[in-house]
There are 2 protein chains.
Amino acid sequence: MGARDTRSAIREAALRQFIAKGVEQTSLREIADEVGITKASLYYHYASKADLLLAIVTPILFVMRDVADVLDQAPHTADGIREVLRRYLIGLLNHRAEGSLFVRDASAMTATLGPILPELIEINRRINIWLAGPDAATESTIRAVAALEVLNTALSANAAVPQADDEELLRVLLDAAMGVLRL
Amino acid sequence: MGARDTRSAIREAALRQFIAKGVEQTSLREIADEVGITKASLYYHYASKADLLLAIVTPILFVMRDVADVLDQAPHTADGIREVLRRYLIGLLNHRAEGSLFVRDASAMTATLGPILPELIEINRRINIWLAGPDAATESTIRAVAALEVLNTALSANAAVPQADDEELLRVLLDAAMGVLRL
DNA sequence: GTCTATATACCGATAGAC
DNA sequence: GTCTATCGGTATATAGAC
C-alpha cells in the first residue's frame with residue numbers, strides 16, 4: 001500500500017470512529033488498529049492528533065470560504081438569499097460526515113483546531129450578519145441564526161429521516177429556511 | 001459549608017467548566033480546585049464523573065418528560081402544536097446552560113450518560129413522529145426535525161444574539177418553527 | 001467531610017532499529 | 001514506512017488518616 005492510500009485509509013478510519021464515538025473518545029491506537037498499522041506508523045503520516053483532525057475537516061473550511069466569497073456579490077433579495085443558502089446547503093450535503101463533527105463534537109473542535117477555527121467563526125458571523133440584512137433588528141438576527149440552524153439539519157438528517165434523498169432534503173430545507181427568514 | 005452546599009457548588013463549577021471547555025477537556029481536579037476542595041473530597045459527593053454529569057443534566061430529562069406527557073392529550077391542530085412547541089421551548093430556555101451541553105458535547109453525552117440517554121432519544125423520536133403528523137410523509141418528517149432544530153437555537157442564542165431577551169426569543173423562534181411546519 | 005498519598009491505566013508522542 | 005519499546009504526563013478512582 002502506497003503512502004497516499006495509507007493516508008486516506010487513516011483519515012477514513014478516523015472520521016468513522018470520530019463520528020461513532022467522538023473525537024476525544026477515540027485514541028490513535030484504535031485508529032491505527034482499524035487501518036492495520038501501529039500507532040507509531042500513524043505518526044509517520046500525521047504529526048499529531050490535531051493534525052489528523054485538521055486534515056479531515058478542511059473540506060468544511062473550503063465550503064464556508066466558497067459561501068463567504070459570494071456574499072458581497074449576491075444581491076440581498078429573495079433570489080440572492082436563496083442562492084447563498086443553496087450554496088451553503090449543497091456544501092453541507094456534500095460533506096455531511098465531516099460537518100457533523102462540528103455539531104456533535106463542538107468542544108473537541110474548539111480545543112483542537114487552532115488555526116482554522118477563528119476563520120470558521122468569522123465566516124459564520126459574516127453570513128449571519130449578511131442574512132440578517134442591513135436593518136440588523138434583533139428579530140432579523142434571531143431569524144438568520146435559526147435559518148442556518150435549519151440548514152444544519154442536513155447534517156443529522158440521515159439518522160433522523162433515512163428515507164429522504166438529497167434532492168428532497170435540498171428542496172425542503174431550503175424552502176423551510178426561506179420561510180424562517182419570511183421570504 | 002454543609003453537604004448540600006458543597007454538592008451544589010460542585011455542580012455549578014462543573015457546569016461552568018463543562019460549557020467553557022467541554023466535558024472531556026475538564027478534569028475532576030480542575031472542578032475541585034474551583035470549589036476549593038480536593039479531587040478525593042469531590043469523590044465523597046459524587047461517585048464518578050458520569051454521576052456528576054448525570055446530576056447536572058437531569059433537568060433536561062424532566063423537560064422532555066414534561067413535553068412527552070402532553071403529546072397524547074394535545075390535539076394535532078395548529079393551536080395544539082404551538083402549545084407543545086411552546087412547552088418545549090420554555091423548558092429549553094429555563095435550562096439552556098444544561099441543554100447546551102447536549103449540542104456542544106453530544107459525543108461525551110453519548111459516551112457517559114448510560115441510563116437516561118435511551119429515554120431522551122426515545123422521547124425525541126416520539127416528539128418528531130407526533131410533529132410530523134399522521135400522514136408521516138417524508139417532507140413532513142424533515143420539517144418536524146427542522147422545526148425542533150429551530151427551537152434548539154435557543155441554546156446558542158445567548159452567544160449569537162446577546163441583545164435578545166427571553167420573551168423575544170420565545171416569540172420569534174416559536175413563530176419560525178410554526179412556519180417551518182407550514183402552520 | 002476533607003485531606004495526603006497512591007494504585008492503575010491509558011493517552012499522545014518520540015527514539016531508534018529494520 | 002513500519003515496527004518495538006518507552007517516555008512523560010495526566011486521568012479516574014481508591015485507601016486510609018484525621
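Remember, it's a predicted structure, so these values are computed and weren't measured experimentally.
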Nearest-Å distance, CD1 (B:Ile37) to C1' (D:dA13)?
15 Å
Any side-chain N or O of B:Thr6 below 4.0 angstrom from OP1/OP2 of C:dT2?
yes
According to side-chain contact (heavy atoms from CB on, under 4.5 Å), who are the partners of B:Ala177, at least two apart in sequence or on a separate chain?
B:Leu85, B:Ala147, B:Val150, B:Leu151
Starting at CG of B:Asp5 and ending at C1' of C:dT2, how long is that distance when rounded to a whole Å?
16 Å
Whole Å only: how far is the CD1 atom of B:Ile10 from the P atom of D:dT12?
14 Å
Taking only residues two or more places apart in sequence, or in another chain, which ones meet B:Ala32 in a side-chain contact (heavy atoms from CB on, under 4.5 Å)?
B:Ile37, B:Leu42
Heavy-atom protein contacts under 4.0 Å, nucleotides 11-18 of chain C, coded B base, S sugar-phosphate only, - none
SBBBB---
What integer distance in Å separates B:Asp33:CG from C:dC3:C1'?
14 Å
Ring pair (Phe, Tyr, Trp, His ring centres under 6.0 Å) contacts touching residues 152-172 of chain B (sequence neighbours left out)
none
Could you tell me the separation between the NE2 atom of B:His45 and the C1' atom of C:dT2, rounded to a whole number of Å?
8 Å
One thing to verify: whether B:Asp69 and B:Arg87 come together as a salt bridge, which I'm taking to mean a side-chain N less than 4.0 angstrom from a carboxylate O.
no
Report all side-chain donor-acceptor pairs from residues 104-123 of chain A shorter than 3.5 Å, counting only partners two or more places apart or in another chain.
from, atom 1, to, atom 2, distance (Å)
A:Arg104, NH2, B:Thr110, OG1, 3.3
A:Asp105, OD2, A:Val23, N, 2.9
A:Asp105, OD2, B:Ser107, OG, 3.0
A:Ser107, OG, B:Arg104, O, 3.3
A:Ser107, OG, B:Asp105, OD2, 3.0
A:Thr110, OG1, A:Ala106, O, 2.9
A:Thr110, OG1, B:Arg104, NH2, 3.4
A:Thr112, OG1, A:Ala108, O, 2.7
A:Glu119, OE1, A:Arg65, NH2, 3.0
A:Glu119, OE2, A:Arg65, NE, 2.6
A:Glu119, OE2, A:Arg65, NH2, 3.3
A:Glu122, OE1, A:Arg125, NE, 3.2
A:Glu122, OE2, A:Arg125, NH2, 3.3

OP1 or OP2 of D:dC3 sitting under 4.0 Å from any side-chain N/O of A:Thr38?
yes
Atom CG of B:Leu53 to atom C1' of D:dT12: distance rounded to whole Å?
15 Å
Using whole Å, what does the distance between atom C1' of nucleotide C:dC10 and atom CD of A:Gln25 come to?
14 Å
Would you please name every residue forming a side-chain contact (heavy atoms from CB on, under 4.5 Å) with B:Arg16, sequence neighbours left out?
B:Glu34
